[in-house]
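Source: prediction; values computed, not measured.
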Amino acid sequence: MDPAARDSTEASYPLHARVCESCYLVQVDDVVTPEAIFNDYAYFSSYSESWLSHAKAFAEETVKRRGLGSQSLVLEVASNDGYLLREFAALGIPTLGVEPAANVAEVSTSLGIETIVEFFGSDLARSLAADGRLADVVAANNVVAHVPDLNDFVEGLRLVLKPEGVVSIEVPHLLRLLEQVAFDTIYHEHFSYFSFSTLKMVLARHGLAAFDVEEPASHGGSLRVWAAHESAGALVRERVQAMEQLEGRAGLATAKPYQEFTTRVERCRDDFLSFLASSRSSGRSVVAYGAAAKGNTFLNYCEVTVEQLDYVVDRSPHKQGMLLPGSRLPIFAPSHVEETEPDYLLILPWNLRREISAQMSSIARWGGRFVTAIPSVEVFG
């Protein structure tokens, strides 16, 4: 939010996650259009060191696993600022990105990564196929959850894939979201929340067979699902059955874990607000790290204001000098922490606590400590 609009009325939208009693796909109401979210996007993947390491490892492993070479094509849907495709390009693999946010795609293009500025779907996939640009590997990292028309998107994946090609999809794992009370990952930008079983079912509706699944640690616990054309007859790995059994034991196809989740979220909120109140009453200052969507969800659900939290810092210069929506906390560069020496630094992207606490370890110089609030309040450092 631009500080110039501080005194203006701010748009707000209801946020409700709903569970389908038939397939147990979790979705939020479609109240904000993709165009409103992504046409001028504030998230640049390259500002997270752990995510860059994740991307590099994925590229190296995929090239080896699929035997990719100079005649191959890796297509990434929602390629952001080229963080992943540049790793493939460095290995001599031709690449193509699709990114709807023009401001982000501009960075990718400046790196020499060909990028189509458009929303991906069946129409674009047909156009690429007609031009003979079918992919050996389609990477869809943390994008399937962002798609309002899920069937059109998955059909596009099928259309743009070579007969023997593979799709790699990464999404936050619904099972881990429930286990870790990670309600902060529920926001309008994420239309859908997947278990492996549900995602497998969606893919099958479009002739894609999930033949392998991994669980990367990213985003607090994710799924990486590998799929191919059903006609390719890919060997189904043992991990597929193991994952289905794990989710079955957790009861993801029953109402119970979703009902219990509500109570646990409310307890998480109440414990955090008690921590803030106790800190303030004892004269201790609290600031936050991470001006991302998940932090906004958390702070706005807890109805936090500048009276309880002084400010937030973020490494991205695209966010510095702005205000968080809702809470209207000012956003500074991380160096601002050194200038103010707060007692507590709340790490909003709790899944990156190790990376961030290492970057900000200098707070120990004045006795500062770190805090995470999900799944419960923890003070450390």
Colleague: Would you give the length of the straight line joining atom CG of Leu134 to atom CD of Glu164, rounded to the nearest 0.5 angstrom?
Modeller: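 The CG atom of Leu134 sits 12.5 Å away from the CD atom of Glu164.
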Colleague: State, yes or no, whether a side-chain contact exists between Tyr187 and Phe298 at a heavy-atom distance under 4.5 Å.
Modeller: no
Colleague: Give a yes or no on whether Phe119 and Val117 share a hydrophobic cluster (residues Ile, Leu, Val, Met, Phe, Trp, Tyr; joining criterion: side-chain heavy atoms under 4.5 Å apart).
Modeller: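 Different hydrophobic clusters.
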Colleague: Counting only heavy atoms not in Arg354, do more than 12 fall under 6.0 Å of its CZ?
Modeller: no
Colleague: Could you go step by step and tell me if Glu307 and Arg280 meet the salt bridge (Lys or Arg N to Asp or Glu O under 4.0 Å) rule?
Modeller: CA-CA 9 Å; Glu307 295 180 359; Arg280 284 299 189 183; over 6 Å; no
Colleague: For the residue pair Glu170 and Ser222, confirm or rule out a side-chain donor-acceptor distance under 3.5 Å.
Modeller: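 Their side chains do not contain a donor-acceptor pair, so the 3.5 Å distance test is not met.
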Colleague: Does Arg239 qualify as a cation-pi partner of Trp226, given the criterion of NZ or CZ under 6.0 Å from the six-membered ring centre and within 45 degrees of its axis?
Modeller: no
Colleague: List the atom of Ile93, the atom of Ser72, and the distance in Å for their closest heavy-atom pair.
Modeller: CG2-CB, 4.4 Å
Colleague: Mark yes or no for whether Glu247, through its side chain, and Phe196, through its backbone, hold a donor-acceptor pair below 3.5 Å.
Modeller: yes
Colleague: Taking the side chain as every heavy atom from C-beta outward, state whether Ile116 and Leu128 have any atom pair closer than 4.5 Å.
Modeller: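 Of all side-chain heavy-atom pairs linking Leu128 with Ile116, at least one is under 4.5 Å.
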Colleague: For Ser362 and Glu338, does a side-chain donor sit closer than 3.5 Å to a side-chain acceptor?
Modeller: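 Short answer, yes.
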Colleague: Of all the heavy-atom pairs spanning Val98 and Glu118, show the shortest one and how long it is.
Modeller: CG1-O, 3.2 Å
Colleague: Any side-chain heavy atom of Phe261 within less than 4.5 Å of one from Leu177?
Modeller: yes
Colleague: Would Ser79 and Glu99 count as a side-chain hydrogen bond (donor to acceptor under 3.5 Å, both in side chains) here? Give the steps.
Modeller: CA-CA 5 Å; Ser79 52; Glu99 171 55 53; 4.8 Å; no
Colleague: Can you find a heavy atom in the side chain of Trp350 that is under 4.5 Å from one in the side chain of Asp184?
Modeller: yes
Colleague: So, does Glu61 use its side chain to make a donor-acceptor pair with the main chain of Phe58 at under 3.5 Å?
Modeller: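 No, the answer is negative, given that no donor and acceptor are paired below the 3.5 Å cut-off.
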Colleague: Determine, stepwise, if the pair Arg267 / Asp271 fulfils side chain to side chain contact (heavy atoms under 4.5 Å, CB included).
Modeller: CA-CA 6 Å; Arg267 184 183 306 126; Asp271 289 348; 3.8 Å; yes
Colleague: Quick one: do the Thr340 and Tyr311 side chains pair a donor with an acceptor below 3.5 Å?
Modeller: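 There is such a pair between these side chains.
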Colleague: Any salt bridge between Arg176 and Glu215, counting N to O under 4.0 Å?
Modeller: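 Result for this pair is yes, salt bridge flagged.
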Colleague: Treat each ILVMFWY residue as a node, draw an edge where side-chain heavy atoms are under 4.5 Å apart, and state whether Leu159 and Leu157 are in one component.
Modeller: no
Colleague: Taking atom CD of Glu355 and atom OG of Ser53, what is their separation to the nearest 0.5 Å?
Modeller: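 Answer rounded to 0.5 Å: 8.0 Å.
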Colleague: Taking only Lys NZ, Arg NE, NH1 and NH2, and the carboxylate oxygens of Asp or Glu, determine whether Arg133 and Glu114 approach each other closer than 4.0 Å.
Modeller: yes
Colleague: Does a side-chain N-to-carboxylate-O contact under 4.0 Å join Arg65 and Asp212?
Modeller: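 Looking at Arg65 and Asp212, the cut-off is met.
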Colleague: Do the side-chain N and O atoms of Ser108 and Thr115 include a donor-acceptor pair separated by under 3.5 angstrom?
Modeller: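 Result is yes, a qualifying pair exists.
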Colleague: How close do Pro330 and Leu323 get, heavy atom to heavy atom, and via which atoms?
Modeller: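 Scanning both residues, the minimum pair turns out to be CA-CD2, 3.7 Å.
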Colleague: Applying the side-chain contact (heavy atoms from CB on, under 4.5 Å) test to Leu299, which of Thr305, Val312, Leu348 qualifies?
Modeller: Leu348
Colleague: Just how far is it from atom CD of Glu189 to atom CG of Asn296, taken to the nearest 0.5 Å?
Modeller: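 Reported to 0.5 Å precision, the distance equals 10.5 Å.
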Colleague: Within the distance-only criterion (no hydrogens, no angle test), does the side chain of Ser195 pair as donor or acceptor with the backbone N or O of Thr198 below 3.5 angstrom?
Modeller: yes
Colleague: Do other residues, nucleotides or ligands put more than 12 heavy atoms under 6.0 Å from the NZ atom of Lys162?
Modeller: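 Counting neighbours around NZ of Lys162, more than 12 heavy atoms of other residues, nucleotides or ligands fall under 6.0 Å, so yes.
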Colleague: Taking the side chain as every heavy atom from C-beta outward, state whether Asp149 and Asn151 have any pair of such atoms under 4.5 Å apart.
Modeller: yes
Colleague: Any link between Leu235 and Val167 through a network of hydrophobic side chains (Ile, Leu, Val, Met, Phe, Trp, Tyr) touching at under 4.5 Å?
Modeller: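 Each belongs to a different hydrophobic cluster.
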Colleague: Does Asn80 use its side chain to pair, donor to acceptor, with the backbone of Gly82 at less than 3.5 Å?
Modeller: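 Not a single qualifying donor-acceptor pair exists.
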Colleague: Do we see a donor-acceptor contact under 3.5 Å between the side chains of Ser122 and Asp152?
Modeller: yes
Colleague: Does Arg264 use its side chain to pair, donor to acceptor, with the backbone of Glu179 at less than 3.5 Å?
Modeller: yes
Colleague: Taking side chain as C-beta onward, heavy atoms only, is His190 less than 4.5 Å from His146?
Modeller: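 With C-beta onward as the side chain, the pair touches.
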Colleague: A quick test of your reading: do over 12 heavy atoms of other residues, nucleotides or ligands sit less than 6.0 Å from CD of Gln245?
Modeller: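 Above 12, so yes.
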Colleague: Hey, does the side chain of Glu214 reach the backbone of Pro216 with a donor-acceptor pair shorter than 3.5 angstrom?
Modeller: no
Colleague: Please step through side chain to side chain contact (heavy atoms under 4.5 Å, CB included) for the pair Tyr24 and Tyr258, ending with a clear verdict.
Modeller: CA-CA 10 Å; Tyr24 287 92; Tyr258 307 100; 3.7 Å; yes
Colleague: Would you find a donor on one side and an acceptor on the other, under 3.5 Å apart, between the side chain of His188 and the backbone of Pro14?
Modeller: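 A pair under 3.5 Å: yes.
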Colleague: Could you check whether any side-chain heavy atom of Val171 comes within less than 4.5 Å of a side-chain heavy atom of Asn142, counting everything from C-beta outward?
Modeller: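 Not touching, per the 4.5 Å side-chain cut-off.
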Colleague: Stepwise, does the side chain to side chain contact (heavy atoms under 4.5 Å, CB included) test hold for Val144 with Leu150?
Modeller: CA-CA 7 Å; Val144 181; Leu150 189 56; 3.6 Å; yes
Colleague: Please evaluate residues Arg353 and Ile356 with respect to the criterion side chain to side chain contact (heavy atoms under 4.5 Å, CB included), reporting the C-alpha separation (whole Å), side-chain torsions for both, the decisive distance (0.1 Å), and the verdict.
Modeller: CA-CA 5 Å; Arg353 57 179 282 173; Ile356 294 170; over 6 Å; no
Colleague: Check whether any side-chain heavy atom of Tyr193 sits under 4.5 Å from a side-chain heavy atom of Leu25, and report yes or no.
Modeller: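 No, every pair of side-chain atoms sits at 4.5 Å or beyond.
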Colleague: Looking at Glu21, I'd like to know if its CD atom is crowded, meaning that more than 12 non-hydrogen atoms belonging to other residues, nucleotides or ligands lie closer than 6.0 Å.
Modeller: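 No, not enclosed.
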Colleague: What's the separation between atom OG1 in Thr95 and atom CZ in Arg86, rounded to the nearest 0.5 Å?
Modeller: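 Between atom OG1 of Thr95 and atom CZ of Arg86 there are 12.0 Å.
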Colleague: Should the pair Arg269-Glu266 be classified as a salt bridge under the 4.0 Å nitrogen-to-oxygen rule?
Modeller: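 Not counted as a salt bridge, because no side-chain N and carboxylate O are separated by less than 4.0 Å.
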Colleague: What closest approach, in Å, do Ala17 and Val26 show between heavy atoms, and which atom pair accounts for it?
Modeller: CB-CG1, 4.2 Å
Colleague: Do the ring centers of Phe370 and Tyr344 come within less than 6.0 Å of each other?
Modeller: no
Colleague: Report yes or no: is the cationic atom of Arg315 (NZ for Lys, CZ for Arg) closer than 6.0 Å to the six-membered ring centre of Tyr289, at no more than 45° off its axis?
Modeller: no
Colleague: Provide the closest heavy-atom pair for Leu309 versus Leu329 in the form atom of the first, atom of the second, distance.
Modeller: O-CD2, 3.1 Å
Colleague: Tell me whether Gln320 contacts the main-chain N or O of Asp314 through its side chain, where contact means a donor paired with an acceptor under 3.5 Å.
Modeller: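 Such a contact is found between Gln320 side chain and Asp314 backbone.
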Colleague: Measure the spacing between CG of Asp29 and CZ of Phe191 and express it to the nearest 0.5 Å.
Modeller: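 Reported value, rounded in 0.5 Å steps: 10.5 Å.
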Colleague: Are the side chain of Ser278 and the backbone N or O of Phe275 linked by a donor-acceptor pair below 3.5 Å?
Modeller: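 Side chain of Ser278 to backbone of Phe275, a donor-acceptor pair under 3.5 Å: no, none is there.
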Colleague: Find the distance between CD1 (Ile186) and OH (Tyr301) and round it off to the nearest 0.5 Å.
Modeller: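 Reported value, rounded in 0.5 Å steps: 10.5 Å.
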Colleague: Could you report the tightest heavy-atom contact between Pro94 and Gly69, atom names first, then the distance?
Modeller: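 Looking at all heavy atoms of both residues, the closest pair is CD-O, 3.7 Å.
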Colleague: Side chain of Asn300, backbone of Ser327: donor and acceptor closer than 3.5 Å?
Modeller: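 Side chain of Asn300 to backbone of Ser327: a pair is present.
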Colleague: Does Asp343 come within less than 4.0 Å of Arg369, counting only side-chain N to carboxylate O?
Modeller: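 The answer is no: the pair does not qualify as a salt bridge.
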